[in-house]
Amino acid sequence: MSEPTLPKAYDFSTTEKRLYEWWEKSGFFKPVSDPKTPHFDPNQKTFVITIPPPNVTGELHLGHAMFVSMEDLMIRHARMNGYSTLWVPGSDHAGIATQLQVEKMLVREGTSREQVGRAEFLRRTWEWKEKYGGMIYQQIRRLGASCDWDRTRFTLDEGLSRAVREAFVRLYEKGLIYRGLRMINWSPGLKTAVSDLEVEYSEENGTLYYFKYMLADGSGDYIPVATTRPETILGDSAVAVHPEDERYQRFVGKKVVVPILGREIPVIADEYVTREFGTGGLKVTPAHDPNDYALGKKHNLAFISMLDTSAKVNENGGPYQGMDRFDCRKKLWADMKAAGLVIKEEPYVIKVPRSQRGGEIVEPMISTQWFVSIKPLADAALEAVRNGSIKIVPERFTKVYYNWLENIEDWCISRQLWWGHRIPVWYCKDCGEMICTRQDPTVCPKCGSQHLEQDPDVLDTWFSSGLWPFSTLGWPEKTPDLDYFYPTSVMETGYDILFFWVARMIMMGIEFTGKPPFHTVYLHGLIRDEHGQKMSKTKGNVIDPLGVMDEMGTDALRFTLLVGSTPGNDANLSLKKVEANRNFANKIWNVGRFIIGTVEDAPKTASGKPDWTLADSWIWARLQELIRTVDRLFETYQYGEAGRQIYDFLWSDFADWYVEIAKLQMASGGDRAHYTAVTLVRVLDTVLRLLHPFTPFVTEELWGHLKKSAASLKDATPTDGWENALMIAHWPKAQAVEGWEEDKIAAFNRVQDVIRAIRNARTEKKVTPGKRITAIVAAGDHLSVFNDQRKSLTSLAYLDESQLVLTDKITSVPEGALSLLVAGVEVYLPLAGMVDADVERARMEKELAEAESQITRLRGLLSSDFASKAPAALVEKERAKLAAFEETAAKIKAQL
RNA sequence: GGGCGGGUAGCUCAGUUGGUUAGAGCACAUCGCUUACACCGAUGUGGUCGCAGGUUCGAGUCCUGUUCCGCCCA
């Protein structure tokens, strides 16, 4: 073969950047049918994904790497299958996260958000965004993402802001958005409301405080009450007991006195109270507890807010005013102890509501906020999944989805932040009119006043991301993109944002476009470390995808993420795995390198028609099987299994067996060499296509070389010719089964079994690989197969061809030969001096015993109901096995 | 409290209409630089598929119960 022009090991570092730039420059990332071009064909079927927008100033982590790999896989697969494929990239302004980063920067500068003011703060934030906002896109590119970068969107860009405005106004006009005083979760550190979803409950060691609620009548009687948050006593407006609790029935309707403050509050009866919990007496703080809030509404109690926006005690806290909530807890309790009101304290595990961001303890508070009446939207979103318009993969998440939407509460969408979409509502300072319009108002439509003031709040970031699948395509404008690409196809994202995002996109998609925004939701799992631990900076087990790519290549990382995961299940990632897949990339490279070199030296044409060898037929049949399997797996979203199948085929079937045999076939020269080269090229071409969505770089690079070297090889051209690039090449199409395949596969497997048996015997007898040995093979009915594969046998089992005897049956067993019985074939290895008769006899006896135990098992099986009830083909298979074991046993007996 | 997922080789995991000798990678052992690849090749060791019942001719796979781990919801 000619001097190899390709490096010995795949060099991803120089390849990846070059290929990516070429792909992008060539316009391969764009849909083949594009409304923005003159040759647009509206009838061309589409495949569309809108990217889960990462935080605009965020940095790439494995979660991103996961979704990018998965979506790029889907996108590349669809593109190769002829869809007009669009993957819309973009990012999210991430209200809280970004604002916090900028605030931190301001603090470092010795100033603050409040000091610089709102306008300046926003200017600085945009500056920050411009500076760091492009980073994540570069990092996504490194993963090979084939997004249409010309369609990149940002949730705060002009178009999307218009979409948000339109969505808000429509909901407002429909009466589905309202402003009201409600109980919400308040983050004292951020000084903003957060939604229910943004609160996480952690179990922590706390204390249950028992104390006396003294009756106001001066009788000295009291109701014992237990609480985990004593400071909220300052906001109590009732004590509740169960109506059938005979301990306290007599108190119902009387008054009790709030400790320290001396306020008188009623004792009420409600079945909500659990008699078994604590003392059975419940203090009710309607303004600081969601359950008490409901009780307060029901019993018409006073709502006493006792905390300010920093969670310090306010004027309702009397002597405690100005104290921090936790200081107040201590002080109040001490004061109560002094007043003789304390009964006891006991350790208690409490569920502490913490902010998803930052982890501070959030306070349930009453506050004026904006809400979406979610029920009508939720009902439509439920229906879309129930009637199959949207399918969730894996299916089990549909139950989770139903459960959440069926019990959904109104969505608090206002945030007391500056970075975000400002709520499009103005208040007239003169008449109090509330104005919500698509255009900024200048005069009050009611009184004509020009003293208008816009609501200071911004919208929850998820409000804008909920519009993402259609706002990115131009909605509310009726753009050609929207018309052609919407609804999108698949929403691929992590199951952790099923509620946050997926459900909201479905609700808003149906509400605003009348159509579900996608037909399939594919949920992937979370990436954990190699022992299943969540990655975190504090644990120090974070794997940086950029570092991994630097070290082992993008393909290795992608393949690991894609093949190492099953839909909806968390996946553990270890560098060991990535390393194994880097090796796989290198394997691909080297198989390709060999084939390219081989093809260059092969006869470019043949003088006659193809005369396929058993190995040729076998690999071809296996390849067709592979394509069918991979197609089936892709249809059911089993990408990991599909990748594994290709991996096994390429490494085990193709590289380990076919390529080795092909070397021999090439040595024959002439037509044999020509057609072997053709087979090598066609198999490699097909496998590279199948593999491309998983490992785009190494496959593209190699394919380019293959194409060049195989261009002049007659009969090797793919059905649709050699396309300009692998990424836009056609996906392989499996040939229909022609009937010969099964026999060829079985015949080749027999040859493999014999070769393996000989290799095994050699190793056991410690025959060095360099030593060629003699063999006599009595192949019976399979003789022609072995004659055909004579060279393969010789080479792969390291035999001495000049002494190899292939025959149908043997009359006398050679003296001192090792005898192997495999798949109905007898093999004798006359290993002079290496065979110990006693040892051999023992080995043969062991084999006989094994065969006989199988015979017993199979006879039992075949005489049971199995024979009559199992499918005929299966029974036949077992009968054949039995026959084979019987034959083996008979032959061993003859030798013993 | 309700729901979901997982428990398969030393480790990490596959195993999707139940088909009868359960697979891979890593690790380990022995051997080998045979001109694609030592990021390699050959061979081998290693599993009563959490436990107990059941359905079935046949169960890692379906059903019931149970235990441990994890997650979600309240």
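Note that this is a predicted model, so its numbers are computed, not measured. All chains are named by letter (A, B, ...) in the order of the sequence lines, taking the proteins before the strands, and each is independently numbered beginning at 1.
Under the side chain to side chain donor-acceptor pair (under 3.5 Å) criterion, no residue pair touches residues 755-764 of chain A, with sequence neighbours excluded.
Each of A:Tyr647 and A:Arg644 lies near RNA chain B, and the nucleotide nearest A:Arg644 is the one positioned closer to the 5' end. With the nearest nucleotide of RNA chain B identified for both A:Leu573 and A:Ala9, A:Leu573 has the one nearer the 5' end.
Minimum heavy-atom separation, A:Ala673 to A:Ala602: O-CB, 4.4 Å.
For the pair A:Asn590 CG and B:C33 P, the interatomic distance rounds to 20 Å; values are reported in whole Å.
A:Thr566 comes within contact range of the sugar-phosphate backbone alone, with a heavy-atom separation under 4.0 Å but no base atom that close. Residue contacts shown for A:Phe885 include a base, since a base heavy atom lies under 4.0 Å away. At a threshold of 4.0 angstrom between heavy atoms, the contacts of A:Ala870 include nucleobase atoms, whether or not backbone atoms are also involved. Nucleic acid contact for A:Lys587: base, since at least one base atom lies under 4.0 Å from a heavy atom of the residue. In this structure, A:Lys663 reaches the bases: a heavy-atom distance under 4.0 Å links it to at least one base atom across the strands shown. Nucleic acid contact class of A:Glu764 (heavy atoms, under 4.0 Å, all strands): none. As judged by a 4.0 angstrom heavy-atom cut-off over every strand, A:Arg582 is placed among the base-contacting residues. No engagement by A:Arg762 is indicated, since no non-hydrogen atom pair under 4.0 Å with the nucleic acid exists.
Listed in residue order, the members of residues 648-656 of chain A having a heavy atom less than 4.0 Å from RNA chain B are A:Trp651, A:Ala655, A:Asp656.
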Show, in sequence, the C-alpha distance, side-chain angles and deciding distance for A:Asn581 and A:Thr560, and conclude whether the side-chain hydrogen bond (donor to acceptor under 3.5 Å, both in side chains) test is met.
CA-CA 6 Å; A:Asn581 290 318; A:Thr560 305; 2.8 Å; yes
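For the pair A:Arg558 and A:Phe694, the NZ or CZ position fails the cation-pi test of under 6.0 Å to the six-membered ring centre and within 45 degrees of the ring normal.
Listed pair A:Asn583 / B:C40 meets the phosphate criterion, a side-chain N or O lying under 4.0 Å from OP1 or OP2. One finds no side-chain N or O of A:Lys577 lying less than 4.0 angstrom from the OP1 or OP2 phosphate oxygen of B:G25. Look at A:Asn760 and you'll find a side-chain N or O under 4.0 angstrom from OP1 or OP2 of B:G44. Contact annotation: A:Arg396 side-chain N/O to B:C4 OP1/OP2 distance is not under 4.0 Å. Neither OP1 nor OP2 of B:C26 sits under 4.0 Å from any side-chain N or O of A:Lys576.
Of the candidates A:His524, A:Lys534, A:Arg528, A:Arg528 is the only one forming a side-chain hydrogen bond (donor to acceptor under 3.5 Å, both in side chains) with A:Asp570. For the side-chain contact (heavy atoms from CB on, under 4.5 Å) criterion with A:Tyr658, the lone passing option out of A:Val683, A:Asp616, A:Asp653 is A:Asp616.
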Identify the pairs formed between an N or O of the protein and an N or O of nucleotides 71-74 of chain B at a distance under 3.5 Å, and give each distance.
from	atom 1	to	atom 2	distance (Å)
B:A74	N6	A:Lys351	NZ	2.3

Just the atom pairs and distances: protein N or O near nucleotides 59-65 of chain B's N or O, under 3.5 Å.
none

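Between B:A36, B:C4, B:A14, one nucleotide has an atom nearer to the side chain of A:Phe594 than all others, and that is B:A36.
Inter-residue side-chain proximity for A:Asp555 and A:Phe559 is flagged as unmet; no heavy-atom pair is nearer than 4.5 Å.
Partners of A:Asn569 under the side-chain hydrogen bond (donor to acceptor under 3.5 Å, both in side chains) rule, at least two apart in sequence or in another chain, are A:Arg396, A:Thr566.
With hydrogens and angles ignored, a donor-acceptor pair under 3.5 angstrom links the side chain of A:Glu660 to the base of B:A36.
A:Gln645 and A:Asp648 form no side-chain donor-acceptor contact under 3.5 Å, judged by distance and modelled atom types alone. Using modelled atom types and a 3.5 Å distance limit, the side chains of A:Glu16 and A:Thr554 yield a donor-acceptor pair.
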Nucleotide pairing, RNA chain B (Watson-Crick or G-U, distances under 3.5 Å), in dot-bracket with [ ] and |:
((((((((.[[[[.)...(...]]]].(((((.......))))).....[[[[[..)....]]]]]))))))).
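Here A:Phe12 and A:Phe697 keep their ring centres 6.0 angstrom or further from each other.
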